[in-house]
Amino acid sequence: MGSVVRAAIILALVISIWLTLPGLIRTIRQAADLRRLDVHARRAHILGPLYESIRALDRQLPPGEPVALIFRQPADADLGIYVNYYLYPRPTKHYFGVDAYQQDPRRPAAIGWIDRESAWEVRLLSRQQLAEEASR
């Protein structure tokens, strides 16, 4: 009985290694490629246009000005987590839809619009542009 269990464990280990080895090799190659880059280039490589748009948004606003992050769809909230993280220490407030933003009397004036369907980025919008986006 002990040899059957031992053989099953060895077989499971071999199968696990066989199935995960290609992914492990890809990850090691990516880590080696990223190691040569500085921190901003690494983030741009991993997040692509989202990271570049976050940096652009941050440069367009005065230091410390709060930003309203408005998501067209609730599913876009995961991108909002990245935006919030990379904008820190800038204050941000999340809104699920234009209506939620418009109903908040203490809403920030600066508007960051996140819509994964149109682009994987955050855009700085005026209130007029926000109204146009909401009507789509």
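Counting from 1, the numbers follow the sequence of the chain as shown. Because the structure is predicted, anything quoted here is derived from the model rather than measured.
- Salt bridge status for Asp115 with Arg123: absent, with no side-chain N to carboxylate O gap under 4.0 Å.
- Of the possible donor and acceptor atoms, one in the side chain of Ser53 sits under 3.5 Å from a partner among the backbone N and O of Val122.
- Here Leu125 contributes atom CG and Ile111 contributes atom CD1; the two are 6.5 Å apart, rounded to the nearest 0.5 Å.
- One hydrophobic cluster, built from ILVMFWY side chains closer than 4.5 Å, holds both Leu87 and Tyr85.
- Nearest approach of Ala68 to Tyr101, heavy atoms of both residues: CB-CE1, 3.5 Å.
- Rounding to the nearest 0.5 Å places CD1 of Ile28 at 8.0 Å from CG of Leu21.
- With Trp113 as reference, Val98 is the one residue of Leu57, Val98, Asp76 to meet the side-chain contact (heavy atoms from CB on, under 4.5 Å) rule.
- Ile15 contributes atom CD1, which lies 11.5 Å from atom OG1 of Thr20 (distance to the nearest 0.5 angstrom).
- Phe96 and Phe71 have tilted rings, their planes meeting at an angle from 30° to 60° on a 0 to 90° scale.
- At least one donor-acceptor pair under 3.5 Å links the side chain of Arg107 to the backbone N or O of Asp104.
- In terms of modelled atom types and a separation under 3.5 Å, the side chain of Arg72 and the main chain of Arg116 share no donor-acceptor contact.
- With rounding to the nearest 0.5 Å, the separation of CG in Leu24 from CG in Leu19 is 13.0 Å.
- Between atom CD of residue Gln102 and atom CD1 of residue Ile70 there is a gap of 8.0 Å, rounded to the nearest 0.5 Å.
- A ring-ring contact (aromatic ring centres under 6.0 Å, His included) with Tyr51 is found for exactly one of Trp120, Tyr82, Tyr86, namely Tyr86.
- Shown here for Glu52 and Ala44, the closest heavy-atom pair between the two residues is OE2-CB, 3.1 Å.
- Taking all atoms of both residues into account, the shortest heavy-atom contact from Arg35 to Arg42 is O-NH2, 3.5 Å.
- In this structure, Pro62 and Arg90 approach most closely via the heavy-atom pair O-NH1, 2.9 Å.
- In this structure, Gln60 places its CD atom where more than 12 heavy-atom neighbours from other residues, nucleotides or ligands lie under 6.0 Å away.
- The two residues Pro66 and Ala110 come nearest to each other via the heavy atoms O-CB, 3.5 Å.
- By the rule that hydrophobic residues join a cluster once side-chain heavy atoms approach within less than 4.5 Å of another member, Leu11 and Trp18 end up as members of one cluster.
- Here the closest heavy-atom approach between residue Arg127 and residue Pro108 is recorded as NH2-O, 4.2 Å.
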Can you list the steps and then say if Ile46 with Leu34 is a side-chain contact (heavy atoms from CB on, under 4.5 Å)?
CA-CA 9 Å; Ile46 298 290; Leu34 292 175; 3.6 Å; yes
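- Inter-residue side-chain proximity for Val83 and Leu50 is flagged as met; some heavy-atom pair is nearer than 4.5 Å.
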Let's go through Lys93 and Leu69 carefully: what are the C-alpha distance in whole Å and the side-chain angles of both, what is the deciding distance for side-chain contact (heavy atoms from CB on, under 4.5 Å) to 0.1 Å, and is it a yes or a no?
CA-CA 6 Å; Lys93 191 165 183 183; Leu69 298 178; over 6 Å; no
